[in-house]
2 protein chains.
Amino acid sequence: MSADKVTIADVARTAGVSKGLVSFALNNRPGVGAETRVRILQVAQDLGWKPSLRARSLSTQRSFALGLVIARNPEVLASDPFFPSFIAGVESILSTERRALVLSVVPDEETELQTYRSLVADGRVDGVFLSDLRHNDARIPLLTELGLPAVTLGRPDGDSPYPAVTVDDTPGVTASVRYLAELGHRRIAHVAGSPNLLHGTRRREAFAAAMAAAGLPEGQTVETDFSVGAGSDATRRLLGQAIRPTAIVYANDPMAIAGLGVAHELGIRIPEDLSITGFDDIDFCRYVFPPLTTVSAAPAVWGRAAATTLLHLMEHGRADDVDLPAARLIIRGSAAPPARH
Amino acid sequence: MSADKVTIADVARTAGVSKGLVSFALNNRPGVGAETRVRILQVAQDLGWKPSLRARSLSTQRSFALGLVIARNPEVLASDPFFPSFIAGVESILSTERRALVLSVVPDEETELQTYRSLVADGRVDGVFLSDLRHNDARIPLLTELGLPAVTLGRPDGDSPYPAVTVDDTPGVTASVRYLAELGHRRIAHVAGSPNLLHGTRRREAFAAAMAAAGLPEGQTVETDFSVGAGSDATRRLLGQAIRPTAIVYANDPMAIAGLGVAHELGIRIPEDLSITGFDDIDFCRYVFPPLTTVSAAPAVWGRAAATTLLHLMEHGRADDVDLPAARLIIRGSAAPPARH
DNA sequence: CTGAAAGCGCTTACAG
DNA sequence: CTGAAAGCGCTTACAG
């Protein structure tokens with residue numbers, strides 16, 4: 001393994017040039033004669049030289065790594081496969097770029113901000129992904145102040161200097177409601193996500209708008225924190241009423257699956273007595289019974305696009321927003337016309 | 001933000017000492033007078049000096065980061081909450097240590113090995129977690145050759161120079177079988193995990209041994225890749241037989257939940273007509289219907305212990321194996337005495 | 001087009 | 001107990 005110890009000095013010496021020139025050749029910078037460049041590169045290869053990332057980091061003040069910090073409570077994080085899929089997408093891009101992903105999982109928003117600070121203080125990352133956008137998200141001004149490039153998953157509600165990579169989830173919710181309305185449902189409820197999260201309120205607003213558009217009375221809405229347990233509780237509450245909804249639109253799949261469990265427990269048949277829809281199209285959806293009608297979000301594709309955009313931003317100083325195909329309704333077996341009274 | 005540009009030279013100058021001495025004081029090394037040390041530290045604090053991690057990395061040849069590379073197919077990764085929980089546990093330790101976690105998600109084992117190579121070639125990490133241990137795991141000799149400290153999740157089957165942090169899952173499987181046997185089941189099947197993974201075969205062997213110990217005939221076993229879809233298929237196969245099992249022990253929860261769906265679909269009641277048990281105790285277990293009897297594994301605790309052990313190994317050159325409390329059976333509603341014929 | 005030198009910001013023998 | 005210097009392995013003005 002003596003090859004591991006080859007340094008730029010060795011290359012320079014055996015190529016008979018200065019270290020500076022080797023560096024220039026390596027980085028494709030002008031100022032090196034064509035044949036000199038070829039010769040240097042050849043020597044580098046013969047010697048098995050791999051430029052030291054650490055030395056490079058120190059002199060360029062870059063880390064060649066991207067960061068993702070996730071602030072979710074453990075239960076939500078564990079039951080929601082969004083991040084594993086998203087990360088797999090990100091990695092599929094990074095792996096070809098000699099860049100690494102630094103991941104932080106933190107318990108709350110305060111620690112989250114602190115984490116960003118130390119990430120840049122320690123020069124761990126050159127850019128970050130901003131997920132789970134919140135209202136007036138404090139991360140955006142913080143990162144701006146820190147001068148850290150970023151890309152947001154979805155469009156923030158305030159000003160943002162960062163490119164947004166978006167999957168519009170509104171059409172999916174709208175389609176869910178319309179679909180249920182066309183089946184004949186009138187009392188449709190919504191188990192909403194966290195009101196702190198942009199996509200929580202956005203889905204909720206989409207629900208309300210779609211109800212109005214379908215000429216239906218305002219639907220009952222229950223707020224949750226997106227966790228399976230909260231989905232279960234919300235369902236129990238909705239179904240425990242004297243007059244209960246004939247359909248429920250859930251803001252994510254784990255809660256819908258919990259709803260399925262509650263309905264089974266109460267002897268309420270799905271879809272005969274109650275129709276439900278989810279959101280995200282996690283793998284479980286196809287394998288519960290009845291299979292869950294839901295909205296697909298394609299987190300891996302999102303991850304790829306976000307990574308590509310962030311790299312572009314870092315390299316060129318700017319990047320366009322990208323709008324991915326909107327989430328769309330996947331019809332399976334969990335919804336049917338309401339029972340006649 | 002001029003504070004960001006404070007360097008060791010500034011501290012040395014205003015404290016009236018050499019850079020070397022500042023470094024010694026910072027790192028609590030002997031050779032600095034008590035009061036000098038105090039003065040230096042005071043100046044450092046006044047100036048707001050944060051030693052540059054990058055410079056430190058270059059001179060110490062360390063990265064102050066730990067690595068986790070995950071080689072799982074996307075579907076299994078997404079439906080299994082093991083890693084999110086495990087990582088949350090790891091992070092809870094790292095966050096107090098000014099250390100980062102570098103995460104890689106790769107599609108196959110070949111890329112996995114390549115990833116370890118480049119991780120050390122680039123000096124990205126000082127140590128790694130080895131999860132999803134396989135038979136004769138190629139990662140162990142590779143990491144040994146690369147000289148990278150590591151900790152294994154569970155005990156490998158071959159020689160290993162690394163400390164193992166283990167949650168024995170055998171007792172959980174054994175307890176599942178015994179429990180079902182005591183309920184009166186005789187035809188118990190096992191939906192096993194991947195035979196490539198140590199914990200897949202270990203659970204399978206535990207199942208076989210427990211069946212024998214209970215004086216039961218050899219149980220039917222179906223191999224899978226641990227994915228929800230495979231769990232569904234396996235269940236369909238088992239239940240499609242003329243003489244079918246009255247109970248099924250699944251090697252993980254996602255497959256058990258898929259099994260629940262198949263049973264519902266076929267009109268097979270759980271637990272009246274079929275008893276099932278899972279493994280891992282993911283959040284969903286409590287919210288499906290009937291709630292899933294399963295085995296708890298505590299991945300977050302595992303993550304904490306693994307991180308602690310790895311840090312200890314890196315600091316002291318050695319670390320003891322740690323055996324965490326064995327996984328234990330959590331009895332809920334998915335098992336009952338078999339129906340009488 | 002090329003070279004020699006300084007710089008990135010630490011740590012670590014080596015002298016005294 | 002303390003200091004001055006070299007070194008980690010690159011990059012980047014600055015001269016020629």
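Heavy-atom basis, side chains included; hydrogens, waters and symmetry copies ignored. In this text the structure is predicted, and so the values were computed from the model without any measurement. Numbers restart at 1 for each chain; the letters A, B, ... are given by sequence-line order, proteins then strands.
Contacts between residues 55-66 of chain B and DNA chain C, defined by a heavy-atom separation under 4.0 Å, are made by B:A55, B:R56, B:S59, B:T60. Against DNA chain D, the stretch residues 17-27 of chain A makes heavy-atom approaches under 4.0 Å through A:K19, A:G20, A:S23, A:F24, A:N27.
Residues satisfying the salt bridge (charged side-chain N to carboxylate O under 4.0 Å, His left out) criterion with B:E109, sequence neighbours excluded, are B:R134. Annotation: side-chain hydrogen bond (donor to acceptor under 3.5 Å, both in side chains) contacts of A:D46 (sequence neighbours excluded): none. Not counting sequence neighbours, A:H135 has no partner by the ring pair (Phe, Tyr, Trp, His ring centres under 6.0 Å) test. In this structure, the ring pair (Phe, Tyr, Trp, His ring centres under 6.0 Å) partners of B:F129, at least two apart in sequence or on a different chain, are B:F86. With sequence neighbours left out, the salt bridge (charged side-chain N to carboxylate O under 4.0 Å, His left out) criterion links B:D157 to no other residue.
Counting only N and O atoms by type, the side chains of A:T7 and A:D10 include no donor and acceptor under 3.5 Å apart.
Remark: A:L68 CG to A:I87 CD1 distance equals 5.5 Å, nearest 0.5 Å.
Heavy atoms of B:R37 sit nowhere under 4.0 angstrom from any nucleic acid atom.
No option in A:L153, A:L310, A:V151, A:L143 other than A:L143 meets the side-chain contact (heavy atoms from CB on, under 4.5 Å) test with A:L130.
Among residue pairs with one or both ends in residues 122-133 of chain A, those qualifying as side chain to side chain donor-acceptor pair (under 3.5 Å) are A:S63-A:D126, A:R72-A:D132, A:D122-B:R98; sequence neighbours excluded. Among pairs with a residue in residues 84-96 of chain B, those fulfilling side chain to side chain donor-acceptor pair (under 3.5 Å) read B:S92-B:R304, at least two apart in sequence or across chains.
The footprint of chain A on DNA chain C, defined by a heavy-atom cutoff below 4.0 Å, extends from C:dC1 to C:dG9.
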Could you list the donor-acceptor pairs under 3.5 angstrom formed by side chains in residues 36-44 of chain B, with sequence neighbours left out?
| residue | atom | partner | partner atom | Å |
| --- | --- | --- | --- | --- |
| B:R37 | NH1 | B:A25 | O | 3.4 |
| B:R37 | NH2 | B:R29 | O | 3.0 |
| B:R39 | NH1 | B:A15 | O | 2.4 |

Derivation and outcome, side-chain contact (heavy atoms from CB on, under 4.5 Å), residues A:D323 and A:R155: CA-CA 10 Å; A:D323 289 291; A:R155 242 174 291 276; 2.5 Å; yes

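Consecutive Watson-Crick or G-U pairs involving DNA chain D, each under 3.5 Å on both distances, make up stems of three or more pairs at C:1-3 with D:14-16, C:5-12 with D:5-12, C:14-16 with D:1-3.
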